[in-house]
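Below, read A as the first sequence line, B as the second, and so on, with proteins coming before strands; counting in each chain starts at 1.
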Amino acid sequence: MEPKFIKEKIEKLGRLFTQGMHLSDFLLTWDRSDEEIAAVFTTAEILRGLRRNNLSARFFDSGLAISIFRDNSTRTRFSFASAANFLGLALQDLDEGKSQIAHGETVRETANMVSFMADVIGIRDDMYIGRGNAYMREVAAAVQQGYEAGILEQRPTLVNLQCDLDHPTQSMSDMLHLIHRFDGIENLKGKKIAISWAYSPSYGKPLSVPQGVVGLMTRFGMDVVLAHPPGYEIMPEVEAVAEKNAQSSGGTFHKTSSMSEAFKDADIVYPKSWAPFAAMKRRTALYGEKDMAGIKALEKELLTQNAEFKEWECTENLMKNTRDGKALYMHCLPADITGVSCRAGEVAASVFDRYRDPLYAQAGCKPYIVAAIIFLARFGDPAAKLFHRLQEGRMRVW
Amino acid sequence: MEPKFIKEKIEKLGRLFTQGMHLSDFLLTWDRSDEEIAAVFTTAEILRGLRRNNLSARFFDSGLAISIFRDNSTRTRFSFASAANFLGLALQDLDEGKSQIAHGETVRETANMVSFMADVIGIRDDMYIGRGNAYMREVAAAVQQGYEAGILEQRPTLVNLQCDLDHPTQSMSDMLHLIHRFDGIENLKGKKIAISWAYSPSYGKPLSVPQGVVGLMTRFGMDVVLAHPPGYEIMPEVEAVAEKNAQSSGGTFHKTSSMSEAFKDADIVYPKSWAPFAAMKRRTALYGEKDMAGIKALEKELLTQNAEFKEWECTENLMKNTRDGKALYMHCLPADITGVSCRAGEVAASVFDRYRDPLYAQAGCKPYIVAAIIFLARFGDPAAKLFHRLQEGRMRVW
Amino acid sequence: MEPKFIKEKIEKLGRLFTQGMHLSDFLLTWDRSDEEIAAVFTTAEILRGLRRNNLSARFFDSGLAISIFRDNSTRTRFSFASAANFLGLALQDLDEGKSQIAHGETVRETANMVSFMADVIGIRDDMYIGRGNAYMREVAAAVQQGYEAGILEQRPTLVNLQCDLDHPTQSMSDMLHLIHRFDGIENLKGKKIAISWAYSPSYGKPLSVPQGVVGLMTRFGMDVVLAHPPGYEIMPEVEAVAEKNAQSSGGTFHKTSSMSEAFKDADIVYPKSWAPFAAMKRRTALYGEKDMAGIKALEKELLTQNAEFKEWECTENLMKNTRDGKALYMHCLPADITGVSCRAGEVAASVFDRYRDPLYAQAGCKPYIVAAIIFLARFGDPAAKLFHRLQEGRMRVW
């Protein structure tokens, strides 16, 4: 991207109303206005443009970005690390195993204890329905309270790195990828995107990926279809969000229990395994009772249930039914690839292979999305700051 | 804090004799002169002032702060990380599980191997009486030797992040908190502080917290009372330090085996569980013999012994007997809160709740105390450096 | 080192042809030209000179250095961390246990996922013959592909932090140490160096240390002798490299099965345990079949085999036969020291003790070797960059 285009993007950002993001947490895309969502995309593009022109986005001389990962992560962990570093923040991971959390410490206490010099806190907590987002809000309330009581000198802002409801940095990376692929957000109007359940031999994948996608993609006038076998419903409140979004944006939101119907003439397909909502609620209850044997039994039951739907695989045949047989295949990665990472999985190896480059590019949006969210949360005058950096010309690598 | 007051603090720092701290380790508060202790408080305040005025305390363009944690930690780990980052140092943790220490490596060797580019080493080693401080001195001797032999280009300075004898960054944070609460160190003269053992259902909490507190608080003319049930003595050498301190400072140091006597008319109370010294010595011996079964048996014995003193709890009734019923309640956190983190613990939930904000503020002093210790160890002209930064106006966040 | 000498070194560097290193991986010393090897030594010296003069080598305002350690490490881990920090890069460790690698992720995918903002990737993978270097090349191919497809904005360069074939940062640190001790590379011509197997009670030490040493040391006209008991052969392809090197450099490369013959009149001795090549090949095969019981059995067999050669110890008597009884003793550390870290080991305690300072100095070269490799890989005009920094005078510690 040439500096001229970066400047245009900054001017565009300057026309968006982003005051609501300043010093505010980013927990759910559907809590955010259209202008705010647009500002994230625009800022992500500007930051990428700076980097491509070897300009530094270091706006912090010092400062900490705290990460709390309650589930394994590669992409999101490195995206958060990359974004923090690009802005000048040092990453400090709260490894709960090495902390004193087991030793009588409450969420409220830990949240304050790690935040004395923290500018940002990124959290992944996606394992239990009804828990992850609640935990984030508990942390947010704790640091707010700490800030108001004068305990914290700054109120660190929270970034949802995946919860039980939403995975905003994922869905926004997905969307930014679509904006690139279709050469502008305006070209997505009327496009059909199929978010479909797919078979996986593993168990309990978070619902927040499909939820995040239908909760966001319905905002841009697309025809969004959600497909899954009976029993694999997503959370009803997110479906409600999607329906409302579709109405306001002039798009549609439909459900079907046929993968091939969903794929029919689709411009974009996003086949991905997830756990059944009802079962996940039972799992949370079992977890609350520390009934680990019950969780084991549930897991077995769910794997059997999954196995009934092995034909829900993104095959070449299904792809042929998409628009001109050339729908864009998406996945948040890692995918369960038939014959590669498992015997039978979400996607045929030949389909996956053909889309490998776009899939990686999709993932490559995430560091910039995270950086944009942090940037907009910490700076009240984002356009002015970025414009100044562009003029100043401070280099990333000397 | 306004820049004018920061300037005054810097002038005050400039009048203190701190040459003895330069390039020197901070292992025990009682190894340090009164002026040096005062310099730590003053520098901590200045650094906090800089940060509150969005000024950077980055004095290192690069450099490493090595941490070695031989026990779990949240507060101290994040304090050390925050302090290092605020000064411009990157944290590098020596995770002994991932190193080759098991593979025939001596303390002397490891100390040098991690120090080729290290400016600071922070160590927590508080698990075994007679071991922690000795280990720190072994590391200190090793890097000294390495420096003198020309192996190390700089001699990293050590910061005691808790040993078996002292927990200086904790006790100094506690003291800085008191200075804030009582509006100046001079107002602490004659105040009564009760450091009392309290019941906990857990086992083997370090003695270094109460030891650090009596070893430091006796220096400021306070009436320091140490209370514990029979058998819960702290180390006699630290009691001797406290007695000597009390004499020179014009304060007092008393012991009692009654919690309520200690609390009577106290201005400040610090009820906290710790392990009995004699038992901890046995534990070290068992550990030396790798007698893990013996350690298990001892643990059981100690839990039984603890359980005899369940009434040693900081209750509302006890608080009523303090000065005007309003003594300041202190704790290093996390506390064992009755009905919250355990069935019966160190403190009643209502007492803890009432003091939550001051408790968190107490903990919030630690990053600045750590930063001040590092700063005074690395710079021979601290006041000049800080004054220059104040004038220069380099920002933390641009 | 005075600035004048740094300037001379920079001029020397400017005369070396280093274009082949720019944006290129450093995997094996024998893939590198003599001028490139010389450039690493020279750059390491310059960087050390900058640091000794309190000059900053921060050439990155932001950027990530990714580390992947598939084996324990202290020295190499801290060397990589130190080098990255000295140049301005933040370390981000890929802890495979915390990532989603188990969850169907391929090497190609992970390599791209961690590299969106990575400038360097350092890898240790030395556990299985035929695997480590191959893994590095797989990662290299993956990021190359990602870069060419426009997925990665920069192609991170790889640094081999030890594989099954070579341990280049070790052997080059060893060599830099020799350059210091013998006061210049030209004085090493005709010197005799004995790389000898030595007994260890442990099992399966990597062959890449002796291989790295014979593969590098034969390039400088030295008389290189490799000694080991029957059955402890190193990989034949590395012997071939050593033979070819010796011919071109005017040195020699001999093998012997007598430690005392190897030590006879040696100027330098490097006694060190390693595993037998043939057994390590069997081990890789067993690992491929996930035959953990087979690996256990092999381990037992190898320990028995080792025990036949307990007399292969670097004793005072053996040292007496070296040149004037004063050969330089080298080791990559940690060593198995008889009576210290084990009952019987690689070296007598009195020998080790006498050489402790040089051994630590040897290890102290590694951070600079790593930094030099990174620097030469990232900057196409290294001499100009360094000269500019010398003139500019940017300080490391203000």
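Atom CD of A:Glu289 has more than 12 neighbouring heavy atoms from other residues, nucleotides or ligands inside a 6.0 Å radius. For A:Tyr147, the OH atom counts as loosely surrounded, since its 6.0 Å shell holds 12 or fewer non-hydrogen atoms of other residues, nucleotides or ligands. Crowding of A:Tyr287 atom OH: a count of heavy atoms from other residues, nucleotides or ligands under 6.0 Å not exceeding 12. By the 6.0 Å contact criterion, NZ on A:Lys7 is open, its count of non-hydrogen atoms from other residues, nucleotides or ligands being 12 or less. Heavy-atom contacts from other residues, nucleotides or ligands closer than 6.0 Å to NZ of B:Lys310 number 12 or fewer.
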*What's the verdict on side chain to side chain contact (heavy atoms under 4.5 Å, CB included) for B:Val397 and A:Arg378, showing C-alpha distance, side-chain angles and the deciding distance?*
CA-CA 9 Å; B:Val397 187; A:Arg378 302 311 295 173; over 6 Å; no

*Could you walk me through whether A:Arg108 and B:Tyr360 pass the side chain to side chain contact (heavy atoms under 4.5 Å, CB included) check?*
CA-CA 10 Å; A:Arg108 181 165 164 192; B:Tyr360 289 3; 3.9 Å; yes

_Worked verdict on B:Trp398 versus A:Arg394 for side chain to side chain contact (heavy atoms under 4.5 Å, CB included)_ = CA-CA 13 Å; B:Trp398 291 308; A:Arg394 175 173 172 150; 3.3 Å; yes

_Let's go through A:Gln92 and B:Phe78 carefully: what are the C-alpha distance in whole Å and the side-chain angles of both, what is the deciding distance for side chain to side chain contact (heavy atoms under 4.5 Å, CB included) to 0.1 Å, and is it a yes or a no?_
CA-CA 8 Å; A:Gln92 182 62 23; B:Phe78 274 77; 3.4 Å; yes

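Here A:Glu153 is the residue among A:Glu153, A:His388, A:Arg58 with the most heavy-atom pairs under 4.5 Å with chain B. Per-residue heavy-atom pair counts under 4.5 Å with chain B were compared for A:Asn112, A:Leu152, A:Val114, and the maximum is reached by A:Val114. Contact count against chain B (heavy-atom pairs under 4.5 Å) is highest for A:Ile151 among A:Ile151, A:Ile66, A:Leu89.
With values rounded to the nearest 0.5 angstrom, A:Gln145 atom CD is found 7.5 Å from B:Arg356 atom CZ. To the nearest 0.5 Å, atom CD of residue A:Glu96 and atom CG of residue B:Asn72 are 12.0 Å apart. Between atom SG of residue B:Cys365 and atom CZ of residue A:Phe116 there is a gap of 8.5 Å, rounded to the nearest 0.5 Å.
Considering only heavy atoms from C-beta on, A:Met117 comes within 4.5 Å of B:Tyr368 through its side chain.
The two atoms that bring A:Gln154 and B:Arg51 nearest to each other are OE1-NH2, 2.8 Å, heavy atoms only. Looking at every heavy atom in both residues, B:Asn85 comes nearest to A:Ala90 through ND2-CB, 3.4 Å. In terms of heavy-atom proximity, B:Pro334 sits nearest to A:Glu109 at CA-OE2, 3.5 Å. Minimum interatomic distance between B:Asp357 and A:Ala149 (heavy atoms only, all atoms of both residues): OD2-CB, 3.4 Å.
Under a 3.5 Å cut-off, the side chain of B:Arg75 and the backbone N or O of A:Met113 do not form any donor-acceptor pair.
B:Leu359 does not touch chain A: none of its heavy atoms, backbone or side chain, sits under 4.5 Å away.
Here B:Arg77 does not pair with A:Asp95 in a salt bridge; the nearest charged N to carboxylate O distance is not below 4.0 Å.
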